[in-house]
Amino acid sequence: MNQLAVSAWSQPFFHHAVLAGTFIALAAGLVGYFLVLRAQVFTGDALSHVAFTGAMAALAGGYDLRLGLFVGCIGAGLLLAGIGRAGRADDVVIGSAFAWTLGLGSFFLTLYTTSRSGAMGGAGTTVLFGSIFGLNSSQTLVAVLVAAAISAVVLLIARPLLFATLDEAVAAARGVPVRVLGFGFLALVGACAGEATQAVGSLLLLGLLAAPAGTAVRLTDRPFLGLALSAGLAVGEMWAGLAASALIPSLPPSFAIMAAATAAYSAALLIRPMARVRRTLVRSRSVAPEPHGAHQSL
Amino acid sequence: MLLADAATPFSWNLLTDFQQMWSYPFMVNAFRAGAIVAVVAAVAGWFMVLRRQTFAGHSLSVVAFPGAAFATLVGISLSLGYFGFCVAAALAIAALRREGQPGGAGESAATGVVQAFLLACGYLFMALYKGLLESPQALLFGSFLGITTGQVLTLGIVAVAVLAVLAVIGRPLLFASVDPQVAAGRGVRVRLLSTLFLVLLGAATAEAAQITGALLVFALMVLPAATAQQLTARPGPSLLLSVVIGLAVTWLGLLAAFYWPYPLGFFVSTFAFAAFLAAHAVRALAGVRARSGRPVLLGGAV
């Protein structure tokens, strides 16, 4: 058992997983940071359900699973952007639409498993929970290229997008195309969701988008530092999760990645109150005549 | 599914259809359980939609899945797993809400993290259990076959408890939902109410998840309520309408799932979504009429 675990490090599937996982985590960390800043995590959640339905629809129709993932996610991203004002969608409308999407997903799943001979019985489970250890070399290459492209585009539009996110009205007045950015951003989230679904599955995708970014938002108020932190944390958590599941074979990689992400987030929850205490200490020190314990606060 | 083959095909004579369907005891139980679940989900969901907490509600509903997987793994009763996880998640989300400002970036990220982590736990439990739990799809998408009379009784008891508490806190909760600042100023304990409501929502989703599966509870919670709130703004009629729509789509869904070999959740969510779209259309139509100056009956009176 232990030998098997150790040898996982040298297996090609593990190398593929690390390579694809790194880039997917990078893209998810960057996209997720804006998703959290714009308070659109729920939109990401909706897209993750669309990912499931899209994949199942493609399988039921006899197409490649990935086609359904990307067409479904990017299409839904644009649709959600179109419904709302300035590329944001209303909470209840999203909820209503994707409650139905899930029902449709279960319909396609039934259609696929009952109508196609030789259907993979576990296809539904794979899409829901991902299989990062099941990527072959060509899938890895596609994952790396797509994720790298998403990351590049996010970095390219980071500055205007940040402006539009933090102060929409002022940004619009200064000539930033707020609406186009909103559309473009949700299309990016859709592409990222489609890609990340292959690694961690449509149900856990939300964790990869929300957890590193949520941690970064809690740790720093400075936008670009936060963006870098979010991407760094996502990649670190991906590595930690992959390493843990290679060491302990009974641990599914998707769970290990989520566990690492949640641990980092919980740690940030504990750090933030301390930072607040420290800040009040600093403030009281600047007012108080006698600076006690100034060296301690650093 | 062999059910559709065994039964006589659907005839347009509804009376004989229902007689035929209800000659199977499991269908009678399914209709009873469906009615209980639809009413609780519609009432709890109505407040959820009003408070714009659909994301929290959705997170609570998916938590039913790890609950069920955990119960299967350690061999305790499924209901215990559902309720334990859903109520625990409600408390976790309520605790994290306190940190971030409501509706802000921090809160939605926190809800997302709780949801994703617990789902991942569900996957772990499933992977550890192996064997008999051959696929998670029954837990995620539900099954209305094989609901026992004992389960219906449990559902009924929990439903009465949830509805009773909601009846007691309904008025202050409504106040706190519509205008939290003024309510707080008037001495309503907004934070306590919000925590209590999340716990109730957790109990309601746990209950519904046993029938519809973890992923489709949400359809029963959000769609009837959203539809009702489209049609009227007055609390009483809108709450009642939400319950009626919930009941109608659940029973129609059961009827359809009995005769066609597709999942119950698909039918329920499709009918509910159709009602939602119809309500949108009605409202848009009423808006056009109002602008053209003709008298409007819909919107206020329905």
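Below, read A as the first sequence line, B as the second, and so on, with proteins coming before strands; counting in each chain starts at 1.
Contact detail for A/Phe42 and B/His58: the closest heavy-atom pair is CE1-CB, 4.4 Å. Nearest heavy atoms, B/Ser269 versus A/Ala99: CB-O, 3.7 Å.
In terms of heavy-atom pairs under 4.5 angstrom with chain B, the leader among A/Leu206, A/Ile257, A/Leu209, A/Leu208 is A/Leu206.
Within residues 236-245 of chain A, no residue has any heavy atom less than 4.5 Å from a heavy atom of chain B.
Counting heavy atoms from C-beta outward, A/Leu111 and B/Tyr262 have side chains that approach closer than 4.5 Å. In this structure, the side chains of A/Pro252 and B/Leu124 come closer than 4.5 Å at one or more pairs of heavy atoms.
Of the atoms belonging to B/Gln229, not a single heavy atom falls under 4.5 Å from chain A. Only the side chain of B/Phe273 comes within contact range of chain A, judged by heavy atoms closer than 4.5 Å. Contact annotation for B/Phe55: both backbone and side-chain heavy atoms come within less than 4.5 Å of a heavy atom of chain A. For A/Ala213, no part lies near chain B; criterion is any non-hydrogen pair under 4.5 Å.
The side-chain hydrogen bond (donor to acceptor under 3.5 Å, both in side chains) search around B/Thr205 returns none, not counting sequence neighbours. Under the rule for a side chain to side chain contact (heavy atoms under 4.5 Å, CB included), the partners of B/Leu239 that lie at least two apart in sequence or sit in another chain are B/Val43, B/Trp46.
The distance from the CZ atom of A/Phe107 to the CZ atom of B/Phe267 is 7.5 Å, given to the nearest 0.5 Å. Atom CD of B/Gln230 and atom OG of A/Ser96 lie 8.5 Å apart (nearest 0.5 Å). Annotation: the span from B/Phe117 atom CZ to A/Ser266 atom OG amounts to 7.5 Å, rounded to 0.5 Å. A distance of 10.0 Å separates CG of A/Asp45 from OG1 of B/Thr111, quoted to the nearest 0.5 Å. Between the CG atom in B/Leu119 and the OG atom in A/Ser254 there is a gap of 11.5 Å [rounded to 0.5 Å]. Note that CZ of B/Phe266 is 7.5 Å distant from CH2 of A/Trp100, once rounded to the nearest 0.5 Å.
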Extract all donor-acceptor atom pairs below 3.5 Å that involve side chains of residues 242-255 of chain B and protein atoms in other chains or at least two apart in sequence.
unit_1   : atom_1 : unit_2   : atom_2 : d
B/Ser242 : OG     : B/Ala42  : O      : 3.2
B/Thr250 : OG1    : B/Gly246 : O      : 2.6
B/Trp251 : NE1    : B/Phe31  : O      : 3.2

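Here A/Phe255 and B/Tyr123 keep their ring centres 6.0 angstrom or further from each other.
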